[in-house]
Amino acid sequence: MKLDNLLKNLEYTCIQGSISGVEVSRIVYDSRKASEGDLFVCISGAVSDGHSFAREVAEKGVSVIVAEKPVDVPASVTVIQTEDSRIALAVLSAEYFGNPANELITIGITGTKGKTTTTYMIRSVLEASGIKTGLIGTIETITGDRHIPSSNTTPESYVIQETFREMADAGCKCVVMEVSSQGLMLHRTGGFTFDYGVFTNLAPDHIGPAEHKDLADYIYCKSLLFRQCRHGIFNADDSHLFEILERHTCDVETYGFSSNADLRASSVELTMKNGLLGVSYHMDGLVEMDVETSMPGKFSVYNSMIAVAICRHFNIPDEIVLKSLSQVRVKGRVELLDVSPEFTVMIDYAHNAMSLESLLETLNEYKPARLVCLFGCGGNRSRERRFEMGEVSSRLAGLTIITSDNPRNEEPEAIIEDIVTGVEKAGGEYIKITGRPEAIRYAIENAKKGDVIVLAGKGHEDYQEIKGQKYHMDERELVAEVVRDGNFIR
């Protein structure tokens, strides 16, 4: 591609070399992948600074370097200076792949909780109505029939544009994606405008030296989505709504329980059928219908309302919306397993005190005979998390089964003893079983009628990380083995 075409939507200064007639073979931002004829974007990262590799990539034959700081390279290399290299990477990538977002209806979802579940709900409804829809998120990227495990909630901008191009070429008409605060802060979603932006909720999270300096910065980064979308859909009940709306440039539509919301929920009823939990409610305002979801809790009301709010803009018949929401399942997000009509077993990704407390409080609303919480904590991570999760489970669950998560380079028993410290602070009943497969077997084989059993922390993960190696371990397979043996009440 001609360099002048790549640069046409970027603000820049050419401080060395020529633009006219320069051919660019690829865009790269990893110096290890640079080769002759490439354009290299110098990214200032948390671990390394791409500017320090400028001379190295020039020696590999890179013809153009885009930088935000001075670089010392031979005169034969064209140097483009821009204010922010990450913005430049996003803009250049969009142009390189032919601006594929213009060929898709783009839906971005941000918030502290609910992003993953909501993306799957929306995709389920759209697909059921015949609208081929791609997905980018925490668990995976879905392009047509391809499912690719994710390493980041929101990938780098180049990867997003590359994926959009694959989706458009595969016949997708729409894409729904999770948009993290980090992704917004690092301009990974730059280079295009979302057709729809969604705000789920906000609570303190991702605050620390390597992420956001404080809550205000976290909120600010979340709010950036609504300066980059045409139509915004917002949780009217969230206490941070006005901060999220600050300097928005989009149309505004709201949902929630508030009487001022454009889409309102009321008459919520918890449902429990043959060991499976769900929720039903009435919606009125811009849409009037009775909704039932196959996922439990008040947060499922909010998530499904977003799906309705989005899908009403596609004029999808109510019966398709309702059927999809009654059947949707999300891997590792209050994922209900069909084990026995006498008790409930679910898998959830809750891996910190805040998410575990929210989950257990929700499940207690179903008034189980006993709430059983099985979890561990990751090694080489904060010990405080272990104390906090132990205390939360001990306070809210009838039985805590303490086991392993990803011990990494720590001894599993040492992590478990830290959790015990928190559990004993609240005084709840507990048992220690180091091996997670054995712990899961114990939970199911000792289940009582009316129990709700939560396997918390692993969620969609299908591995366990021990001493620097990842070993296959899928909780669904472990539960299936116990079911095949059949040593539990049915």
Side-chain angles (χ1 to χ4, degrees), residues 113-114 117 201 237 256-257 265-283 290-305 325-330 332-350 353-375 388-402 422-423 425-431 439-440 442-457 459 475 479 482-483 488-490:
K113 294 181 289 186
T117 299
N201 51 63
D237 301 335
F257 290 84
S266 61
S267 304
V268 175
E269 293 185 13
L270 305 179
T271 61
M272 193 169 187
K273 302 173 183 176
N274 297 319
L276 301 178
L277 310 181
V279 63
S280 64
Y281 63 96
H282 180 71
M283 179 185 281
D290 292 314
V291 181
E292 183 170 354
T293 78
S294 55
M295 304 181 77
K298 188 175 181 180
F299 49 75
S300 295
V301 174
Y302 282 112
N303 294 340
S304 58
M305 288 185 81
L325 292 178
S326 70
Q327 297 175 343
V328 69
R329 296 283 190 277
V330 181
R333 300 306 193 273
V334 287
E335 179 185 357
L336 295 163
L337 305 181
D338 190 6
V339 176
S340 168
E342 298 296 319
F343 59 91
T344 299
V345 179
M346 71 172 61
I347 296 173
D348 193 81
Y349 190 50
M354 180 178 67
S355 56
L356 187 64
E357 183 170 32
S358 174
L359 175 65
L360 297 182
E361 286 179 343
T362 292
L363 296 177
N364 272 323
E365 292 177 0
Y366 286 82
K367 303 190 184 309
R370 183 179 60 161
L371 180 56
V372 178
C373 180
L374 179 153
F375 78 99
E388 293 166 356
M389 290 184 70
E391 185 175 353
V392 164
S393 181
S394 182
R395 174 165 49 85
L396 295 174
L399 172 65
T400 297
I401 302 176
I402 310 171
V423 169
K425 184 176 180 181
E429 183 181 348
Y430 72 93
I431 184 171
I440 290 172
Y442 176 89
I444 295 174
E445 290 185 347
N446 290 275
K448 300 175 181 179
K449 185 174 181 179
D451 277 359
V452 172
I453 301 169
V454 181
L455 313 180
E475 292 188 321
V479 170
V482 181
V483 170
F488 57 90
I489 58 172
R490 294 179 177 273

Quick check for you: to the nearest 0.5 Å, what is the distance between [X] atom [atom1] and [Y] atom [atom2]?
X: D290; Y: H282; atom1: CG; atom2: NE2; value: 6.0 Å
X: E475; Y: I347; atom1: CD; atom2: CD1; value: 5.0 Å
X: L325; Y: M305; atom1: CG; atom2: CE; value: 11.5 Å
X: M354; Y: K113; atom1: CE; atom2: NZ; value: 5.5 Å
X: L455; Y: I444; atom1: CG; atom2: CD1; value: 6.5 Å

Compare every heavy atom of [Y] with every heavy atom of [X], then report the nearest pair and how far apart it is.
X: S394; Y: G427; result: OG-N, 3.5 Å
X: Y281; Y: A265; result: CD1-CB, 3.9 Å
X: A369; Y: K449; result: CB-O, 3.4 Å
X: E391; Y: A426; result: O-CB, 3.7 Å
X: N303; Y: G114; result: OD1-CA, 3.8 Å

Using side chain to side chain donor-acceptor pair (under 3.5 Å) as the criterion, list what pairs up with [X], not counting sequence neighbours.
X: Y430; answer: E424
X: T362; answer: none
X: T400; answer: S393
X: E357; answer: R395

Requested in this report: Evaluate side chain to side chain contact (heavy atoms under 4.5 Å, CB included) for Y366 paired with V452, printing each intermediate quantity in order.
Outcome: CA-CA 9 Å; Y366 286 82; V452 172; 5.6 Å; no
Query raised in the report: ring pair (Phe, Tyr, Trp, His ring centres under 6.0 Å) with Y302: which residues, sequence neighbours excluded?
Result: F257
Query - Stepwise side chain to side chain contact (heavy atoms under 4.5 Å, CB included) check, F299 with V334 - result: CA-CA 11 Å; F299 49 75; V334 287; 4.1 Å; yes
Sequence neighbours excluded, which residues qualify as side-chain contact (heavy atoms from CB on, under 4.5 Å) partners of [X]?
X: R370; answer: V372, L399, K448, D451
X: S280; answer: E269, T271, E292
X: A350; answer: D348, S355, L356, L359
X: E445; answer: R441, V482, N487

Could you pull out all donor-acceptor pairs under 3.5 Å where a side-chain atom in residues 335-346 meets a protein atom, sequence neighbours excluded?
{"from": "E335", "atom 1": "OE1", "to": "G332", "atom 2": "N", "distance (Å)": "2.7"}
{"from": "E335", "atom 1": "OE1", "to": "R476", "atom 2": "NE", "distance (Å)": "3.1"}
{"from": "E335", "atom 1": "OE1", "to": "R476", "atom 2": "NH2", "distance (Å)": "3.0"}
{"from": "E335", "atom 1": "OE2", "to": "R476", "atom 2": "NE", "distance (Å)": "3.1"}
{"from": "S340", "atom 1": "OG", "to": "E342", "atom 2": "N", "distance (Å)": "3.0"}
{"from": "S340", "atom 1": "OG", "to": "I489", "atom 2": "O", "distance (Å)": "3.1"}
{"from": "T344", "atom 1": "OG1", "to": "G275", "atom 2": "O", "distance (Å)": "2.5"}

Requested in this report: Kindly indicate whether the side chain of T293, heavy atoms from C-beta on, has any atom under 4.5 Å from the side chain of V328.
Outcome: no
Query raised in the report: Heavy-atom distance under 4.5 Å between the side chains of L396 and E361, does that happen here?
Result: yes
Report task. List the steps and the verdict of side chain to side chain contact (heavy atoms under 4.5 Å, CB included) for E388 and V392. Result -> CA-CA 6 Å; E388 293 166 356; V392 164; 5.5 Å; no
Query - Derivation of the side chain to side chain contact (heavy atoms under 4.5 Å, CB included) call for I453 and I401 - result: CA-CA 10 Å; I453 301 169; I401 302 176; over 6 Å; no
Query raised in the report: For the side chain of S300 and the backbone of M295, is there at least one donor-acceptor N/O pair under 3.5 Å apart?
Result: yes
